[in-house]
Amino acid sequence: MSIQVAPSVLAADFANLQSEIEMLNASEANFIHVDIMDGLFVPNISFGIPVTEAIHQHAQKPLDVHLMIQDPDRYLKAFRDCGAAIISVHLEACPHLHRTLQAIRELGAKAGVAINPHTPVELLSEVAGEIDLVCMMSVNPGFGGQKFIENTFEKVKRLRSLLDSKGSQALIEIDGGVNLDNASRLKECGADVLVAGSFVFKSKDPQNTISQLRSI
Ligand code: DX5
Ligand code: ZN
């Protein structure tokens, strides 16, 4: 299977969001990754529901919404209503993760779980059947443009074997510091989807960069 790519609009030009989304529509991107930060779960605030809705109005690709927020249960419906196809919540923010994942699926969205760099993949073993996507953080969440954490390669392998042992079809997505230096190895280790923010949007030709990532 060829690798899928989810450019993160966190690195886009917010003053020209419509043209950035149109660029993604015309590209080989598979998803549009939307990073929601509340200034509590992570030490940064990005944007919220109205901006996600505006992105959705122009997007021709599914929105992959990454909620870096405390108590995400309060906002699942709002993000589904404004166009999320995938909703990922952080394991570290969900005391009743099983219930939260069921709630996401009941809303008709794909259920994702994001895990921080320090969180062992084994913590997903009892909910593997409830998950459509695991967003494995390869940086500490909160900011774009950070350095990729090398331990991620081994961690992806462990997650792949865990999901296989549970018969789970969940996609493995890698989020943070992804570029052409680490993409192929991530794919070899078992990644299905690569999120890329700065590497795409700060490049000279973002569409071509997306194509390059797709064709590793
Ligand atoms: C980090 C976000 C990422 C971020 C990735 O907290 O979850 O999605 O936008 O950006 P880069 O690719 O620049 O590391
Ligand atoms: Zn993200």
Side-chain angles (χ1 to χ4, degrees), residues 3-14 17 20-21 23-24 27 29-48 51-52 55 59 61-70 72 75 79 84-94 104 109-119 132-153 155-156 171-187 191-204 206 209-210 212-214 216:
I3 198 90
Q4 303 190 71
V5 173
S8 165
V9 290
L10 188 64
D13 177 357
F14 291 159
L17 209 39
E20 298 280 54
I21 300 304
M23 180 278 289
L24 295 179
S27 78
N30 303 86
F31 302 98
I32 297 177
H33 188 83
V34 179
D35 285 307
I36 308 296
M37 303 177 181
D38 66 353
L40 291 167
F41 180 71
V42 289
N44 194 12
I45 298 174
S46 56
F47 52 81
V51 173
T52 305
I55 293 169
K61 317 250 176 181
L63 298 192
D64 166 32
V65 174
H66 177 192
L67 297 181
M68 285 162 274
I69 65 176
Q70 278 185 3
Y75 294 106
F79 280 102
I86 304 170
I87 300 176
S88 294
V89 294
H90 264 267
L91 178 147
E92 303 83 5
C94 294
I104 296 172
K110 300 276 187 206
V113 180
I115 56 172
N116 279 337
H118 74 277
T119 299
D132 300 302
L133 176 141
V134 178
C135 176
M136 182 182 286
M137 295 309 301
S138 40
V139 297
N140 286 292
F143 304 92
Q146 301 182 83
K147 190 175 176 296
F148 180 84
I149 297 172
E150 295 285 319
N151 177 55
T152 309
F153 296 119
K155 199 173 169 185
V156 183
L171 296 174
I172 301 180
E173 175 180 73
I174 310 299
D175 188 3
V178 170
N179 56 42
L180 279 168
D181 295 332
N182 50 35
S184 306
R185 190 163 162 208
L186 285 168
K187 185 185 175 194
D192 302 294
V193 185
L194 301 178
V195 174
S198 325
F199 189 65
V200 165
F201 284 97
K202 309 295 179 213
S203 70
K204 272 213 184 85
T209 304
I210 294 166
Q212 286 183 293
L213 285 167
R214 285 296 318 274
I216 53 166

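Every heavy atom of this structure was used, including side-chain atoms; hydrogens, water molecules and symmetry mates were not. Throughout, residue positions are numbered sequentially from 1 according to the sequence presented. Note that ligands are numbered from 1 as they come in the structure, with each ligand's atoms numbered from 1 the same way.
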With a 3.5 Å distance limit and no angle check, can you tell me whether [X] reaches the backbone of [Y] through a side-chain donor-acceptor pair?
X	Y	value
R214	Q4	no
D192	L133	no
S184	I216	no
K187	I3	no

Step-by-step side chain to side chain donor-acceptor pair (under 3.5 Å) determination, D35 to H33
CA-CA 6 Å; D35 285 307; H33 188 83; 2.9 Å; yes
Could you give the distance from CG (N140) to NZ (K147), rounded to the nearest 0.5 Å?
12.5 Å
How many N, O or S atoms of the protein are nearer than 2.8 Å to the Zn ion (ligand 2)?
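Considering protein N, O and S only, the Zn ion (ligand 2) has 4 within range.
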For ligand 1, the residues whose heavy atoms come within less than 4.0 Å (ordered by chain, then number)
S8, L10, H33, D35, M37, H66, M68, M137, P141, G142, F143, G144, G145, D175, G176, G177, V195, A196, G197, S198
Taking salt bridge (Lys or Arg N to Asp or Glu O under 4.0 Å) as the test, write out the residues that go with D38, two or more places apart.
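Partners of D38 by the salt bridge (Lys or Arg N to Asp or Glu O under 4.0 Å) criterion come out as none, since no residue qualifies.
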Which residues satisfy the side-chain contact (heavy atoms from CB on, under 4.5 Å) test with S138, sequence neighbours excluded?
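So S138 forms a side-chain contact (heavy atoms from CB on, under 4.5 Å) with F148, T152, I174.
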Please determine whether the number of non-hydrogen atoms from other residues, nucleotides or ligands lying under 6.0 Å from atom NZ of K110 exceeds 12.
no
